[in-house]
Amino acid sequence: MAREPGIEVDVVVVGTGAAGLCAALEAADAGADVLLVESESMPGGSTNLSGGIIMAADTSVQRRCGLTDSAEALYRDYSNLNQGAIEPGIVRHLAENSGPAVEWLQELGVRFLDHLVYAAEESVPRSHVPTRGGAGIVKVLLRAIKERGVDIALGKRVTDLVVEDNTVCGIRAGDETVRAGAVVLAAGGFGANPALWTKHLPSLAAAGSAAWYIGAEGSRGDALRLGAQVGADVVGHDRCLALLTPGFYRNLEVYFPGWLVLVDRSGQRRVDESTSYASMEMAHRRHGPFFAIFDAAAKKAAQPGLPLQYKQAVPGMEAATNSNWVEPLLDEMIALGKVAQAPTLEQLANAVSIDADGLVATVRRYNGYAGAGADPEFGKEARFLHPLDQPPFYAVELRRGILALTSTGLRIDASAAVLDSHGDRVPGLFAAGECTGGVLGSVYVGSGNSMANCVVFGRTAGTSAYAFATAT
Ligand SMILES: Cc1cc2nc3c(=O)[nH]c(=O)nc-3n(C[C@H](O)[C@H](O)[C@H](O)COP(=O)(O)OP(=O)(O)OC[C@H]3O[C@@H](n4cnc5c(N)ncnc54)[C@H](O)[C@@H]3O)c2cc1C
């Protein structure tokens with residue numbers, strides 16, 4: 001490490017993703033002597049791999065696009081979608097500081113497109129798309145960190161917290177020690193450590209090898225282990241963002257093309273197939289498993305290179321997506337038996353063990369909606385409504401498989417202080433980002449939810465940690 005053992009800094013920040021970099025910057029700007037410690041040889045964690053989209057309300061970007069929004073509206077949407085699963089004080093802090101977070105990032109040099117996208121079904125789009133993805137945000141934050149002379153120790157995995165008089169006062173990385181007035185844990189999630197899925201994500205662990213993680217290698221759940229050393233509470237059991245997939249191969253496709261028809265085991269539709277992944281996840285939790293059904297005409301129309309039939313085009317995402325739903329790949333999967341094929345709907349239903357009468361009735365109604373150009377059951381847009389009447393018919397089961405992030409983690413309060421199992425603060429310990437629980441709720445609200453958490457609570461953690469360090 002750049003520091004000699006025993007040397008003291010005001011604030012040590014563990015992890016160099018969005019949460020850690022924001023914490024370090026705010027602490028440094030408040031006047032702290034800061035050390036950033038990163039286990040990997042490269043900074044950036046999962047943030048570096050991400051789209052960097054940030055959910056925020058009442059921003060200059062929204063105003064430039066002629067949109068009127070408010071922190072209050074975000075607070076209400078977020079609380080409603082999470083059905084009371086998050087403490088109001090946490091939601092209020094997230095909502096009120098999301099707009100200022102976007103302004104702060106812009107002042108540092110992050111650029112956002114004049115094209116906002118919807119996270120879920122909110123009344124005003126508030127997911128801000130950066131021009132250069134998460135890697136661009138990391139680059140800007142790292143530049144600002146370097147300008148402030150903050151040291152970054154790469155390749156140093158923090159193994160322990162130093163604790164004296166029940167107060168966290170430093171970290172150890174192997175046999176090296178750094179003493180600090182306060183410590184911020186921003187060590188990311190635990191997606192890369194499937195051993196922890198069994199305990200913290202049992203519903204995904206049940207998927208076995210059908211589920212895979214798309215984030216950074218450093219997401220090993222170290223914050224859970226470090227927090228346990230000081231009795232930190234862990235909240236948000238079994239919460240994560242696990243996207244549905246046919247599992248053809250390990251790609252990342254977050255939306256379904258609107259022309260698919262999804263049914264449950266009873267053969268009934270339960271959701272607008274083109275909806276956001278938050279709504280899809282909720283519907284699947286209630287009614288899953290889901291089966292994607294299509295016919296020969298839909299398969300033939302799904303040619304590579306054509307615009308993907310998603311409800312919303314996220315700038316940059318379409319080009320990056322390797323879709324599962326293109327004819328050559330579907331033909332390959334049919335030949336491998338991964339997609340069932342049958343000359344009639346009844347035979348198709350029997351092949352994948354769904355109710356044949358239910359499926360036939362659903363498709364009869366659906367074809368009527370296609371003829372009328374309106375879906376009175378789920379409100380899917382008319383452009384996606386095509387009759388399923390060209391045999392053969394096809395079906396494939398969708399499973400929760402793509403683990404994008406975990407949201408079971410250390411409990412914090414609105415000042416980003418880590419809490420113990422009695423709800424009391426652990427003196428000297430703060431946390432932010434994916435390693436925390438209780439900020440992301442029972443459902444992932446949609447694009448930008450996690451980055452909003454990282455930037456808002458990362459900034460707060462940096463400020464709070466320095467205030468604690470100077471007060472003590
Ligand atoms: C492909 C992809 C796309 C995504 N797109 C979006 C998006 O557009 N919008 C959005 O909101 N979310 C998105 N997410 C999720 C989001 O990017 C992450 O949840 C977020 O970036 C996590 O940031 P973080 O700072 O908490 O953790 P990370 O960015 O993962 O950083 C944590 C850092 O801590 C380090 N670390 C871990 N343990 C230790 C230790 N013991 N000692 C020292 N260092 C340690 C890690 O190596 C890592 O560098 C996406 C995720 C993926 C994988």
Side-chain angles (χ1 to χ4, degrees), residues 1 12-24 35-56 98 101 117 119 127-130 133-138 141 152-161 171-174 176 178 183-193 212-227 240-241 243 251-254 277 314-317 320-321 402-407 409-410 431-436 439-440 444-458 461:
M1 248 178 275
V12 167
V13 178
V14 182
T16 59
L21 293 173
C22 292
L35 175 66
L36 262 165
V37 187
E38 166 59 52
S39 58
E40 310 305 296
S41 56
M42 290 275 294
S46 287
T47 310
N48 233 352
L49 309 175
S50 80
I53 297 174
I54 300 184
M55 177 188 73
S98 63
V117 295
S127 294
H128 294 64
V129 185
I137 294 180
V138 168
L141 293 172
I152 306 182
L154 294 173
K156 301 287 177 185
R157 186 173 177 188
V158 172
T159 48
D160 299 278
L161 296 175
I171 54 103
R172 279 193 202 93
E176 294 180 85
V178 176
V183 172
V184 176
L185 295 179
F190 58 90
N193 187 352
W212 69 91
Y213 178 58
I214 55 162
E217 282 302 303
S219 308
R220 301 184 192 93
D222 285 1
L224 292 166
R225 189 172 42 75
L226 294 167
C240 65
L241 171 59
L243 299 158
N251 62 339
L252 170 62
E253 184 172 28
V254 299
Y277 37 88
V314 178
M317 189 187 280
T321 298
I402 312 170
L403 178 62
L405 60 93
T406 56
S407 44
L410 305 181
E434 210 182 304
C435 69
T436 63
V439 182
L440 270 53
Y444 189 73
V445 163
S447 289
N449 193 169
S450 184
M451 283 295 287
N453 172 27
C454 293
V455 179
V456 167
F457 281 95

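Read the numbers this way: they start at 1 and go in the same order the structure lists the ligands and their atoms.
The protein atom (non-hydrogen) at minimum distance from atom 30 (O) of ligand 1 is S46 N, 3.0 Å. Nearest non-hydrogen protein atom to atom 1 (C) of ligand 1 is L49 O, 3.6 Å. Protein heavy atom closest to atom 21 (O) of ligand 1, with residue, atom name and distance, is T47 OG1, 2.8 Å. Nearest protein heavy-atom contact of atom 8 (O) of ligand 1 is I53 N, 3.0 Å. Remark: minimum distance from atom 17 (O) of ligand 1 to any protein heavy atom is reached at S50 CB, 3.1 Å. Nearest protein neighbour of atom 39 (C) of ligand 1, counting heavy atoms only, is S39 OG, 3.7 Å. Nearest protein neighbour of atom 25 (O) of ligand 1, counting heavy atoms only, is A19 N, 3.0 Å. Looking from atom 26 (O) of ligand 1 to the surrounding protein, the closest heavy atom is E434 N, 2.8 Å.
The backbone N or O of G215 sits nowhere less than 3.5 Å from a side-chain atom of S46 that would complete a donor-acceptor pair. For N449 (side chain) and M55 (main-chain N/O), no donor-acceptor pair under 3.5 Å exists by modelled atom type. Side chain of E40 to main chain of M42: no donor-acceptor pair is present (N/O by atom type, distance under 3.5 Å, no hydrogens or angles). In this structure a side-chain-to-backbone donor-acceptor pair under 3.5 Å is missing from S39 to K156. Proximity of a side-chain donor or acceptor of S41 to a complementary backbone N or O of G155 within less than 3.5 Å is not detected. In terms of modelled atom types and a separation under 3.5 Å, the side chain of Y277 and the main chain of S447 share a donor-acceptor contact.
Using a 4.0 Å heavy-atom cutoff, G52 is listed among the residues neighbouring ligand 1. Close to ligand 1: A404, with a non-hydrogen atom less than 4.0 angstrom away. Note on ligand 1: E217 sits outside its first shell, no heavy atom being nearer than 4.0 Å. Within the 4.0 Å heavy-atom cutoff, G448 counts among the residues contacting ligand 1. G44 counts as a contact of ligand 1, since one of its heavy atoms falls under 4.0 Å from the ligand.
Inclusion of E38 in the set of residues having an N or O under 3.5 Å from an N or O of ligand 1 is warranted. No N or O atom of G215 sits closer than 3.5 Å to an N or O atom of ligand 1. Any N or O atom pair closer than 3.5 Å counts here, and A432 shares no such pair with ligand 1. In terms of N/O distances under 3.5 Å, ligand 1 is not approached by L226. Polar contact with ligand 1: present for G51 (N/O pair, distance under 3.5 Å). For ligand 1, the polar-atom distance check finds no N/O of R157 at less than 3.5 Å from any of the ligand's N/O atoms. In terms of polar-atom proximity, defined here as any N/O pair under 3.5 Å, C435 makes no such contact with ligand 1. The shortest N or O to N or O distance between C454 and ligand 1 is not below 3.5 Å.
How far CD1 of I402 is from CH2 of W212: 4.5 Å, rounded to the nearest 0.5 Å. Between atom CE of residue M451 and atom CG of residue L405 there is a gap of 11.5 Å, rounded to the nearest 0.5 Å. To the nearest 0.5 Å, atom CG of residue L224 and atom CG of residue L410 are 6.0 Å apart.
For ligand 1, the atoms lying closer than 4.0 Å to a non-hydrogen atom of A186 are 32 (C), 33 (C), 34 (O). Proximity to K156 (heavy-atom distance under 4.0 Å) selects the following atoms of ligand 1: 42 (N), 43 (C). Every atom of ligand 1 is numbered from 1 in the order shown, and the set under 4.0 Å from a heavy atom of M451 is 9 (N), 10 (C), 11 (O), 12 (N), 21 (O). Listed by atom number, the atoms of ligand 1 under 4.0 Å from N449 heavy atoms are 11 (O). Shown in contact with G433 at under 4.0 Å from a heavy atom are these atoms of ligand 1, numbered in order with element: 26 (O). The atoms of ligand 1 that sit less than 4.0 Å from any heavy atom of V37 are 43 (C), 44 (N).
With contacts defined as side-chain heavy-atom distances shorter than 4.5 Å, the pair F457/T436 does not qualify. Using a 4.5 Å heavy-atom cutoff, the side chains of L141 and C22 are in contact. Using a 4.5 Å cut-off on side-chain heavy atoms (C-beta onward), V183 and V14 make contact.
L36 and L21 get closest at one heavy-atom pair: CD1-CD2, 3.9 Å. Residue A187 comes nearest to C435 through the heavy atom pair N-SG, 3.8 Å, listed as atom of the first residue, atom of the second, then distance. Residues G45 and A216 come closest through the heavy atom pair C-CB, 3.5 Å. Residues A23 and V184 come closest through the heavy atom pair CB-CG1, 4.0 Å. When all heavy atoms of G191 and L403 are compared, the closest pair comes out as CA-CD2, 3.8 Å.
Only the side chain of D222 comes within 4.0 Å of ligand 1, judged by heavy-atom distances. The side chain of Y444, and not its backbone, has at least one atom closer than 4.0 Å to an atom of ligand 1 (non-hydrogen atoms only; side chain from C-beta on).
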